[in-house]
K.L.:
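Shown below is the structure under consideration.
Counting from 1, the numbers follow the sequence of the chain as shown. Indexing begins at 1, ligand by ligand and atom by atom, following the structure's order.
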Amino acid sequence: MIVAGIDIGSVSTKIALAVNGKIHKVIIPTGWSPRQAGKHVLATALDQAGIDDKVDFVVVTGYGRIALPTANKAVTEITCHARGVAYLLPETRVVIDIGGQDSKVIKIGRQGRVLDFVMNDKCAAGTGRFMEVIAARLGVDVTELSDLGKNEIPIEINSMCTVFAESEVVGLLAKGKAKGQIVAGLHKAIASRMSAMVERMNPELPIIFTGGVAQNKSLVHSLSTQLNIPVLVPEDCQFTGAIGAMLIAGEMAQAACHTIPVREEF
Ligand code: ADP
């Protein structure tokens, strides 16, 4: 059986394509067209897997899911993330996910059932885009923030609105403050904000951190320090939504039992 889960995020589009039990993963920038990104990531994964054109079922998730009506089913990212994390780490009870444009905390039960969640998708504070803007202002790439902020004494950052935080960073640089201390301060401020969301969920262990931003090890450390509990990051932290969508596609394919010529319809 061949099934796919596509997660069209605000920053990156991910696919998990399962071909007879083997999972192929591809990630590309979403760019200006979520529809094109969804089509492109599927074609790339099919090429990588050496598949001609037949897929049994495609589930699409993420903020851009409505842009891909040709998929068999659209499912919310909360449901897909919970399923994906429960597959990667079955004991998970709380998931923190920070993506490009939103952050969420999901409380999950057995087999990835969603029990409760809180989501911030109203402002960019502490999200991947926020980190990108600050990194650019510091003249570094977002992937360098972790090393830059590691073992540094955090400077207090008061603004979390992207625009004001950027101005605050400009002011701190003008005063001669070290980049590492500024980054450590940002990590601390984001960790404090996320901790408040986690505590509203009456968290049970273990706590798992997913999304692209979870690759920032210094931020993971700040979060763990702030919560005073270990925070784990699965190896496929940016793919949890796509993997969850792929698992749901597998179940739906078995129920529907039909095959679509994906390349033609997409
Ligand atoms: P979305 O699903 O909303 O597109 P993702 O979960 O794919 O979001 O996360 C995208 C964000 O992840 C980017 O905005 C960037 O800030 C962050 N990111 C990606 N790679 C890294 C990395 N290696 N280290 C730190 N942050 C990263």
K.L.:
Does ligand 1 come near enough to Asn216 that some N or O of the ligand is less than 3.5 Å from an N or O of the residue?
P.N.:
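No - when backbone and side-chain N and O of Asn216 are compared with those of ligand 1, no distance drops under 3.5 Å.
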K.L.:
Check this for me: Gln48, atom CD, are more than 12 non-hydrogen atoms of other residues, nucleotides or ligands nearer than 6.0 Å?
P.N.:
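Yes, CD of Gln48 has more than 12 neighbouring heavy atoms, counting only those of other groups under 6.0 Å.
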K.L.:
Which ligand 1 atoms, with their elements, are less than 4.0 angstrom from a heavy-atom of Gly211?
P.N.:
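Selected atoms, number and element: 6 (O).
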K.L.:
Kindly work out whether a path of hydrophobic side-chain contacts (I/L/V/M/F/W/Y, heavy atoms less than 4.5 Å apart) joins Val11 to Val142.
P.N.:
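No, because Val11 and Val142 fall into different hydrophobic clusters, even though each may have its own neighbours under 4.5 Å.
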K.L.:
Which atoms of ligand 1 sit under 4.0 Å from any heavy atom of Val142?
P.N.:
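Atoms satisfying the 4.0 Å criterion: 16 (O), 25 (C).
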K.L.:
What I want to check is whether the side chains of Thr79 and Thr76 have a donor and an acceptor closer together than 3.5 Å.
P.N.:
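Yes - a donor-acceptor pair under 3.5 Å links their side chains.
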K.L.:
Evaluate salt bridge (Lys or Arg N to Asp or Glu O under 4.0 Å) for Asp56 paired with Lys54, printing each intermediate quantity in order.
P.N.:
CA-CA 7 Å; Asp56 294 291; Lys54 293 281 191 283; over 6 Å; no
K.L.:
As a quick check of understanding, evaluate salt bridge (Lys or Arg N to Asp or Glu O under 4.0 Å) for Arg65 and Glu77, giving each step before the final call.
P.N.:
CA-CA 9 Å; Arg65 63 185 179 276; Glu77 60 243 67; 2.9 Å; yes
K.L.:
Using side-chain hydrogen bond (donor to acceptor under 3.5 Å, both in side chains), reason through Thr61 and Asp7 one step at a time and then give a plain yes or no.
P.N.:
CA-CA 5 Å; Thr61 188; Asp7 177 4; 5.2 Å; no
K.L.:
Which option wins on minimum heavy-atom distance to atom 15 (C) of ligand 1: Met131, Glu132, Glu77, His81?
P.N.:
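Of the listed residues, Glu132 has the closest heavy atom.
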K.L.:
With nothing but distance in play, are any N or O atoms of Asp7 less than 3.5 Å from an N or O of ligand 1?
P.N.:
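By distance alone, the answer is no.
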K.L.:
Quick test: of every protein heavy atom, which one is nearest to atom 3 (O) of ligand 1, and how far off is it to 0.1 Å?
P.N.:
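Protein heavy atom with the smallest distance to atom 3 (O) of ligand 1: Gly100 N, 2.9 Å.
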K.L.:
For atom 2 (O) of ligand 1, grab the closest protein heavy atom and report residue, atom and distance to one decimal in Å.
P.N.:
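Protein heavy atom with the smallest distance to atom 2 (O) of ligand 1: Lys14 NZ, 2.7 Å.
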K.L.:
Check this for me - ligand 1, Val11, N or O atoms closer than 3.5 angstrom, yes or no?
P.N.:
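In this structure, Val11 places an N or O atom under 3.5 Å from an N or O of ligand 1.
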K.L.:
Specify the protein heavy atom at minimum distance from atom 23 (N) of ligand 1: its residue, its atom name, and the distance to 0.1 Å.
P.N.:
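So the nearest neighbour among protein heavy atoms is Thr143 CG2, 3.3 Å.
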K.L.:
Can you sort out which atoms of ligand 1 are near Ser12, meaning under 4.0 Å from one of its heavy atoms?
P.N.:
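Under 4.0 Å from Ser12, ligand 1 has these atoms: 4 (O), 5 (P), 7 (O).
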K.L.:
Heavy atoms only: which of Pro29, Ser10, Gly212 is nearest to atom 5 (P) of ligand 1?
P.N.:
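Comparing heavy atoms across Pro29, Ser10, Gly212, the nearest one to atom 5 (P) of ligand 1 lies in Gly212.
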K.L.:
Which residue and non-hydrogen atom of the protein lie closest to atom 11 (C) of ligand 1, and at what distance in Å?
P.N.:
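Looking at atom 11 (C) of ligand 1, the protein heavy atom closest to it is Gly128 CA, 4.1 Å.
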K.L.:
Quick one: nearest non-hydrogen protein atom to atom 21 (C) of ligand 1, plus distance?
P.N.:
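Checked against all protein heavy atoms, atom 21 (C) of ligand 1 sits closest to Gln215 NE2, 3.5 Å.
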K.L.:
Quick one: do His81 and Thr240 satisfy side-chain hydrogen bond (donor to acceptor under 3.5 Å, both in side chains)? Show the steps, please.
P.N.:
CA-CA 5 Å; His81 276 291; Thr240 49; 3.0 Å; yes
K.L.:
Let me see the working for Arg83 and Glu251 under salt bridge (Lys or Arg N to Asp or Glu O under 4.0 Å), right down to the final yes or no.
P.N.:
CA-CA 12 Å; Arg83 281 299 303 276; Glu251 288 165 8; 2.8 Å; yes
K.L.:
Think Lys25 forms a cation-pi with Phe239, using NZ or CZ under 6.0 Å from the six-ring centre and within 45 degrees of its axis?
P.N.:
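Relative to the ring axis of Phe239, which defines the angle, Lys25 lies inside both limits.
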